[in-house]
S.K.: 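Sharing a structure, written as structure tokens. Questions coming.
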2 protein chains.
Amino acid sequence: MTVTQQARTPRRRAPRNTLNPDRILDAAVVLLDRDGAEAFTMRALAAQLGVGTMAVYSHFRSKEEISDAVAQRLLSEVELPAMGEAESTADAREQLREVCRSVFRLFADHPSALQLLTTRPMRGDEAIAVIDRMLGLLRAAGLDRVDAARAHVALMQYTVGSALWNVRRDRALCEDGLRDRVRARLADLPADRYPALTELVPELAIAQDAGMAQYELGLDGLLTGLIGPGPRSAR
Amino acid sequence: MTVTQQARTPRRRAPRNTLNPDRILDAAVVLLDRDGAEAFTMRALAAQLGVGTMAVYSHFRSKEEISDAVAQRLLSEVELPAMGEAESTADAREQLREVCRSVFRLFADHPSALQLLTTRPMRGDEAIAVIDRMLGLLRAAGLDRVDAARAHVALMQYTVGSALWNVRRDRALCEDGLRDRVRARLADLPADRYPALTELVPELAIAQDAGMAQYELGLDGLLTGLIGPGPRSAR
DNA sequence: ACCTGAACACCGTTCAAGT
DNA sequence: ACCTGAACACCGTTCAAGT
């Protein structure tokens with residue numbers, strides 16, 4: 001777990017105003033996407049920016065405040081589909097799919113964002129726009145107020161869960177030979193004790209690796225259950 | 001974030017064999033459930049056990065190894081419903097609901113377990129039994145091999161996401177006055193920009209707080225979408 | 001105002017030493 | 001074999017000091 005010390009070329013004093021909140025957040029996102037959440041350190045962030053560790057504290061009060069700001073910025077990048085009013089349930093359903101896919105994609109593109117967004121509650125105005133859009137579409141799909149609110153929460157829960165599952169799996173695959181060890185263990189399972197599992201090992205592996213395709217399968221299922229079958233429900 | 005130092009009453013040397021893996025895991029679960037994942041520290045664990053910090057290392061190679069063992073133990077506590085063969089799709093659906101609810105309940109009872117289980121992949125034999133049971137039920141419900149595997153992944157993703165959502169909300173509620181601040185912000189939203197959201201603020205609050213009931217709503221939706229409507233689909 | 005290094009209270013873990 | 005304290009390389013953050 002311990003990392004070898006960087007060669008500490010003695011840095012000259014940074015000129016004034018090299019730093020500002022935006023530059024800091026840019027660097028934070030780079031660091032998170034490239035090296036992961038556990039490498040997101042005040043010291044690493046400052047090094048990335050070419051300043052002393054404490055310089056960052058002139059612009060943010062704490063690491064937590066930076067994390068919140070990063071989450072906020074990433075949420076603002078969720079693309080809401082350009083739209084006219086949804087004119088039918090089918091329209092609404094399709095646009096709903098699009099918004100959910102955007103949120104899922106955000107997590108796929110910025111895996112470390114997930115940790116920020118799941119650890120801390122979604123504050124911030126950016127999340128608001130996404131939520132409003134989803135609720136409007138659920139209403140347009142014909143749900144009453146109570147059902148729309150419930151459906152929205154269910155969709156977000158499923159989306160977060162799917163994203164988390166994928167991120168976890170991607171990270172696990174980086175570990176040395178874990179994939180092979182898991183495969184070996186699954187191949188060794190006693191078929192009489194675990195008949196269903198042993199029969200479905202290859203299908204499970206495929207489903208685990210299917211990423212967005214797997215997400216959409218569950219999403220379609222959930223939408224069907226919540227707002228009724230879509231126009232092409234014969235799959 | 002810094003914690004005031006404990007009064008360090010000088011501890012007398014612990015007799016040999018006071019420690020064993022089981023006692024260590026018991027203490028770890030207590031610590032996690034009571035004080036949360038961020039308070040789960042090798043030093044705190046040792047203190048809880050009344051031994052020096054390094055004593056634990058005679059039984060586990062690292063903190064990571066302890067975390068894995070805790071996750072394993074908690075998964076072994078998931079109650080699988082006693083069952084005969086599922087004799088109809090309706091039977092299978094009902095038993096499936098029961099298994100999913102057990103997994104969800106595990107997370108509700110041991111919120112910090114979620115972090116362990118979502119950070120590291122589910123290794124260990126205990127998870128295997130749960131997975132096998134779910135797959136068997138999905139097959140009994142009439143799904144083919146590919147669809148059963150996909151449905152299982154979707155159900156687990158939704159379950160993990162819902163549990164995470166609830167844990168996050170519970171933790172957020174502990175923060176000082178956060179609830180009121182969020183409520184105030186939602187009340188202040190411009191109704192012309194966010195028409196759907198402003199209209200549904202109370203319904204959303206209810207759905208967020210509904211816990212297991214909200215989980216079941218999405219679960220029913222998902223099951224309906226994945227394996228078809230249940231016997232009492234007229235809700 | 002903004003950037004700096006030293007210092008403090010934490011953390012997981014290595015190591016040599018006690019029993 | 002099992003438990004111990006000192007020590008090391010980290011971490012976030014406080015503080016007084018530079019410019």
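Every value quoted in this text rests on a predicted model; they were computed, and no experiment measured them. Every chain is numbered from 1 and lettered A, B, ... according to where its sequence line falls, protein lines coming before strand lines. Computed over heavy atoms, backbone and side chain alike; hydrogens, waters and symmetry mates excluded.
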S.K.: Nearest to the B:Arg43 side chain among D:dT13, D:dT4, C:dT13, which nucleotide is it?
M.R.: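 Among the listed nucleotides, the one closest to the side chain of B:Arg43 is C:dT13.
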S.K.: Are the side chain of A:Arg23 and the backbone of A:Thr18 linked by a donor-acceptor contact shorter than 3.5 Å?
M.R.: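 At least one qualifying donor-acceptor pair exists.
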S.K.: Pairs of donor and acceptor atoms involving the side chains of residues 24-45 of chain B, under 3.5 Å and at least two apart or interchain, shall be tabulated with distances.
M.R.:
| from | atom 1 | to | atom 2 | distance (Å) |
| --- | --- | --- | --- | --- |
| B:Asp26 | OD1 | B:Arg73 | NH1 | 2.4 |
| B:Asp33 | OD1 | B:His110 | ND1 | 3.3 |
| B:Asp33 | OD2 | B:His110 | ND1 | 2.6 |

S.K.: Is any side-chain nitrogen or oxygen of A:Thr18 closer than 4.0 Å to OP1 or OP2 of C:dC2?
M.R.: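 No, A:Thr18 has no side-chain N/O under 4.0 Å of OP1/OP2 on C:dC2.
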S.K.: With a 4.0 Å heavy-atom cut-off, tell me which residues in residues 55-63 of chain A come close to DNA chain C, sorted by residue number.
M.R.: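 Those residues are A:Ala55, A:Ser58, A:His59.
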S.K.: In residues 21-30 of chain A, which ones come under 4.0 Å of DNA chain D, going by heavy atoms?
M.R.: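 Those residues whose heavy atoms fall under 4.0 Å from DNA chain D, taken from residues 21-30 of chain A, amount to none.
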S.K.: Checking the side chain of B:Glu65 only, and the main-chain atoms of B:Arg61 only, is there a donor and an acceptor separated by less than 3.5 Å?
M.R.: yes
S.K.: Please table the atom pairs, donor to acceptor, closer than 3.5 Å between any side-chain atom in residues 203-212 of chain A and protein atoms at least two apart or in another chain.
M.R.:
| from | atom 1 | to | atom 2 | distance (Å) |
| --- | --- | --- | --- | --- |
| A:Glu203 | OE2 | B:Arg145 | NE | 3.1 |
| A:Glu203 | OE2 | B:Arg145 | NH2 | 3.3 |
| A:Gln208 | OE1 | A:Trp165 | NE1 | 2.9 |
| A:Asp209 | OD1 | A:Arg169 | NH1 | 3.0 |
| A:Asp209 | OD2 | A:Arg179 | NH2 | 2.7 |

S.K.: Just the rounded figure in Å: distance from P of C:dT4 to CG of A:Leu49.
M.R.: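 Atom CG in A:Leu49 sits about 11 Å away from atom P in C:dT4.
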S.K.: Can you list the stems that DNA chain D is part of, where a stem is at least 3 pairs in a row, each Watson-Crick or G-U, with both distances below 3.5 Å?
M.R.: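 Stem list for DNA chain D: C:4-8 with D:12-16, C:12-16 with D:4-8.
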S.K.: Between D:dG12, D:dA6, C:dC11, which one does the side chain of B:Met54 approach most closely?
M.R.: D:dA6
S.K.: So if I take every side-chain heavy atom of B:Thr41 and compare against D:dG18, D:dT13, C:dC11, which nucleotide ends up nearest?
M.R.: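 Side chain of B:Thr41 sits closest to C:dC11.
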S.K.: Would you say D:dT4 has OP1 or OP2 under 4.0 Å from some side-chain N or O of B:Thr53?
M.R.: no
S.K.: Measure from the side-chain N and O atoms of B:Thr198 to the backbone N and O of B:Tyr194, and report whether any donor-acceptor pair falls under 3.5 Å.
M.R.: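 Judged by distance alone, yes, a pair lies under 3.5 Å.
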S.K.: A:Met42 CE to D:dC10 P: how many Å, rounded?
M.R.: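 That distance rounds to 18 Å.
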S.K.: Just jot down the side-chain contact (heavy atoms from CB on, under 4.5 Å) partners of A:Arg193, sequence neighbours excluded, or say none.
M.R.: A:Pro190
S.K.: Flag the pair B:Phe104 / B:Tyr215 as yes when their ring centroid distance falls below 6.0 Å, and as no otherwise.
M.R.: yes
